[in-house]
Amino acid sequence: MGRRESVVVPETAVPDDETAAATCPYCDRPFRRKRLRDLHVGDAHEGLSDDETAAYEAAVEAEDEDLFVYHLKVAGALGVVFTALFLLAVVGFSL
């Protein structure tokens, strides 16, 4: 019996049956979302226009906000897990 290999497809990769939402104006790389293109342009290319710089800064700010929300969710989940473990320990040792 053969082993199944799982292929990880990055979020920036555009499947063959899908059209790219945005393309880099410098290197023609396709992206699934415009925000990913804006991040790429700001990180990989120099000599950006004012509009491209503003789009890059907005994309970075949006990524920072998403990361902050993710951290809050992780901290909340850890708090729930630790609270549940503590309550289980109290109940378990009180029997």
Side-chain angles (χ1 to χ4, degrees):
M1 216 180 247
R3 182 177 164 196
R4 276 192 175 171
E5 293 185 30
S6 62
V7 177
V8 177
V9 178
E11 188 177 347
T12 57
V14 180
D16 294 334
D17 60 341
E18 189 176 310
T19 13
T23 304
C24 177
Y26 297 97
C27 63
D28 293 328
R29 180 177 173 187
F31 291 92
R32 294 183 87 172
R33 296 185 310 169
K34 290 180 181 179
R35 184 166 74 176
L36 295 173
R37 188 253 341 252
D38 295 338
L39 289 170
H40 162 78
V41 169
D43 285 338
H45 302 291
E46 296 178 2
L48 306 177
S49 69
D50 291 338
D51 290 339
E52 290 171 334
T53 302
Y56 172 69
E57 290 171 356
V60 168
E61 185 175 328
E63 288 289 310
D64 287 343
E65 290 173 6
D66 288 349
L67 187 59
F68 179 72
V69 170
Y70 173 75
H71 285 158
L72 284 178
K73 289 178 181 179
V74 168
L78 286 174
V80 168
V81 168
F82 287 135
T83 301
L85 289 174
F86 177 76
L87 292 175
L88 285 172
V90 168
V91 169
F93 286 118
S94 67
L95 294 177

Next on the checklist: Could you measure the distance from the CG atom of Leu36 to the NZ atom of Lys34? Nearest 0.5 Å is fine.
Outcome noted: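 Spacing of CG (Leu36) from NZ (Lys34) equals 12.5 Å.
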Checklist entry - How many angstroms lie between atom OG1 of Thr19 and atom CZ of Arg32, to the nearest 0.5 angstrom? => result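 These two atoms lie 11.0 Å from each other.
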Next on the checklist: Do Phe82 and Val90 sit in one hydrophobic cluster, given that two such residues count as connected whenever their side-chain heavy atoms are within less than 4.5 Å of each other, even indirectly?
Outcome noted: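 Phe82 does not cluster with Val90.
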Checklist entry - Any link between Leu87 and Leu78 through a network of hydrophobic side chains (Ile, Leu, Val, Met, Phe, Trp, Tyr) touching at under 4.5 Å? => result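 Different clusters.
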Checklist entry - What is the minimum heavy-atom distance between Tyr56 and Asp38, and which atoms define it? => result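 Heavy-atom minimum between the residues: CD1-O, 3.4 Å.
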Checklist entry - Of all heavy-atom pairs between Arg35 and Asp66, which one has the smallest distance, and what is that distance? => result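 Where Arg35 meets Asp66 most closely, the heavy atoms are NH2-OD2, 2.7 Å.
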Next on the checklist: Measuring only between side-chain heavy atoms, which start at C-beta, is Pro25 closer than 4.5 Å to His45?
Outcome noted: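 No, too far: nothing below the 4.5 Å cut-off.
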Next on the checklist: Take a 6.0 Å sphere around CG of Asp43 and say whether it holds more than 12 heavy atoms from other residues, nucleotides or ligands.
Outcome noted: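 Count over threshold, so yes.
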Next on the checklist: Parallel, tilted or perpendicular, judged at 30° and 60°: which one describes the rings of His40 and Phe31?
Outcome noted: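 If you compare the ring of His40 with that of Phe31, the planes turn out tilted.
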